[in-house]
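One structure is given below, represented as structure tokens, and several questions about it will come after.
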There are 2 protein chains.
Amino acid sequence: MATPETPRTNSAPAEGEFLAAQPDVVARLREDLPDDEVLYDLAELFRMFADSTRIKILYALFESELCVGDIAQLLNLSQSSVSHQLRLLKNSKLVKFRREGKVIFYSLDDDHVRSMIALGMEHVEE
Amino acid sequence: MATPETPRTNSAPAEGEFLAAQPDVVARLREDLPDDEVLYDLAELFRMFADSTRIKILYALFESELCVGDIAQLLNLSQSSVSHQLRLLKNSKLVKFRREGKVIFYSLDDDHVRSMIALGMEHVEE
DNA sequence: TCTTCATATGAGCAAACGTTCACATGAAAG
DNA sequence: CTTTCATGTGAACGTTTGCTCATATGAAGA
């Protein structure tokens, strides 16, 4: 997808300002680094988990599919806020939905979501 | 740590605005959700990975310890920018450092960093 | 001590984010 | 068709973010 993520100004730093202590290592690493596009996408993915509201939504969806109203009530959020966040999660392919009459049920759309959050938990819990 | 993360206004939504389709499920989920504090910390952790500059820095540190100048040159960033980001990573206990004369070498301080990024990669690469 | 070199840090700015508010959309019931 | 109800969406707003610039810190060498 490669959305520009956060294309701040980021002009090249002044020429010859600071030296590398290990030019050889730097040169080798430059080869091995994944493409910028991939790293942008990666950051974009992590950004989905970088807000506690979205974390809560994902956490809630661990156990069962839920509609917007369910989530809003559970997390004490406005319907609008939940809907906005679900759109982001949907775009990032972390969440999918299913229509049933007027109600739309959301559920997790990626096996990695659980392991991702579980892994983060390990760090948080020291 | 429980930094307030992004304590936006987030006032409670208007009373009785929207209904839950599954009140029973909502009630049960409310019990099971981890504490707000934990979820804040979790989001804070993910926020460290939510910027491609920081991802690049962490990626670079996969292979060997590096000083600020190394990283700046490798990633074409200003010394100041790298230093600012390293401070964040340091505060989040993702990175540690070691002084050698005037040079300060940074390295990964958490086993989860690699698996975290690897897991994210799996999602990005479809 | 006085420089020099590597790094740290505070202020300021422009961009991006998450929420709210108001309204649009679209399906079902009458 | 009209109303109702669940959800979607655009604009506005205040906050946060990541960068730059200028300067501070602190170690090593002259």
Report task. Report yes or no: do A/L119 and B/L108 belong to one cluster of Ile/Leu/Val/Met/Phe/Trp/Tyr joined by side chain heavy-atom distances under 4.5 Å? Result ->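 In one cluster with A/L119: B/L108, yes.
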Query raised in the report: Does A/S78 make a side-chain N or O approach to OP1 or OP2 of C/dT19 shorter than 4.0 Å?
Result: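 It does not, given that no N or O in the side chain of A/S78 lies less than 4.0 Å from OP1 or OP2 of C/dT19.
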Report task. When you get a sec, tell me which of D/dT7, C/dT7, C/dC21 is the closest nucleotide to the side chain of A/S83? Result ->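 Nearest listed nucleotide: D/dT7.
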Query - Length of the CG-P vector between A/L77 and D/dT7, whole Å - result: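 My rounded result for the distance is 14 Å.
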For nucleotides 1-3 of chain C, give me every protein contact, N/O to N/O, under 3.5 Å, one pair per line with atom names.
none

Query raised in the report: If you measure from the Lys or Arg side-chain nitrogens to the Asp or Glu carboxylate oxygens, is any gap between A/K56 and B/D36 under 4.0 Å?
Result: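 So A/K56 pairs with B/D36 through a salt bridge.
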Query raised in the report: What integer distance in Å separates A/L88:CG from D/dG10:C1'?
Result: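 Answer to the nearest Å: 14 Å.
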Query raised in the report: Within the pair A/R87 and D/dT7, is there a side-chain N or O less than 4.0 Å away from OP1 or OP2?
Result: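 Indeed not, no polar side-chain atom of A/R87 lies that close.
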Query - Nearest-angstrom distance from the residue atom OH of B/Y40 to P of D/dT16 - result: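 The distance from OH of B/Y40 to P of D/dT16 comes to 12 Å, rounded to the nearest Å.
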**Report entry** Atom-pair distance (CG on A/D51; P on C/dA16), nearest Å
**Finding:**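 Checked: the CG to P distance equals 18 Å.
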Query raised in the report: In whole angstrom, what separates A/L89's CG from D/dT9's P?
Result: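 Taking CG of A/L89 and P of D/dT9, I get 14 Å after rounding.
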Query raised in the report: According to a strict under-4.0 Å criterion, is B/R54 in side-chain N/O contact with OP1 or OP2 of D/dG18?
Result: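 Answer yes for this pair, as a side-chain N or O of B/R54 is under 4.0 Å from OP1 or OP2.
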Query - Length of the line joining B/E44:CD and D/dT17:C1', which is rounded to integer Å - result: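 Value for this atom pair: 14 Å.
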Query raised in the report: Do B/F62 and B/I117 come within less than 4.5 Å of each other through their side chains, counting heavy atoms only?
Result: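 Side chain of B/F62 against side chain of B/I117, heavy atoms only: contact under 4.5 Å found.
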Query raised in the report: Does C/dT19 have OP1 or OP2 sitting under 4.0 Å from an N or O in the side chain of A/T53?
Result: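 A/T53 to C/dT19 OP1/OP2: side-chain N or O found under 4.0 Å.
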Query - Where protein sits on nucleotides 22-30 of chain C, one letter per nucleotide: B base, S sugar-phosphate only, - none, heavy atoms under 4.0 Å - result: -----BS--
Query raised in the report: Less than 5.5 Å between centroids and less than 30° between ring planes, does B/H84 satisfy that with D/dC19?
Result: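 B/H84 vs D/dC19: stacking no.
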Report task. Just say parallel, tilted or perpendicular for the rings of B/F97 and B/Y106, cut-offs at 30° and 60°. Result ->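 Ring orientation, 0 to 90° scale: tilted.
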Query - NZ or CZ of B/R47 within 45° of A/F46 ring axis and under 6.0 Å - result: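 Not flagged: B/R47 not positioned over aromatic ring of A/F46.
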Report task. Give one of base, sugar-phosphate or nothing for A/Y106, where a contact means two heavy atoms less than 4.0 Å apart. Result ->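 Sugar-phosphate only.
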Query raised in the report: Quick check: are there more than 12 heavy atoms from other residues, nucleotides or ligands sitting under 6.0 Å from CG of B/D111?
Result: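 12 or below, so no.
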Requested in this report: Answer whether the closest heavy-atom distance between the side chains of B/H123 and A/D110 falls below 4.5 Å.
Outcome: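 In contact.
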Query raised in the report: For B/I104 and A/Q85, take the nucleotide of DNA chain C holding the closest heavy atom to each; which residue's nucleotide lies nearer the 5' end?
Result: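 The 5'-side residue here is B/I104.
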**Report entry** Spacing between B/I57 atom CD1 and C/dT7 atom C1', to the nearest angstrom
**Finding:**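 Atom-to-atom, B/I57 to C/dT7, this comes out as 14 Å.
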Query raised in the report: For D/dC19, does OP1 or OP2 lie under 4.0 Å from any side-chain N or O of B/S81?
Result: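 Yes, such a contact exists.
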Report task. Taking the side chain as every heavy atom from C-beta outward, state whether B/I57 and B/L89 have any atom pair closer than 4.5 Å. Result ->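 Sidechains of B/L89 and B/I57: in contact.
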**Report entry** Length of the CZ-P vector between B/F49 and D/dG18, whole Å
**Finding:**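 It works out to 14 Å between those atoms.
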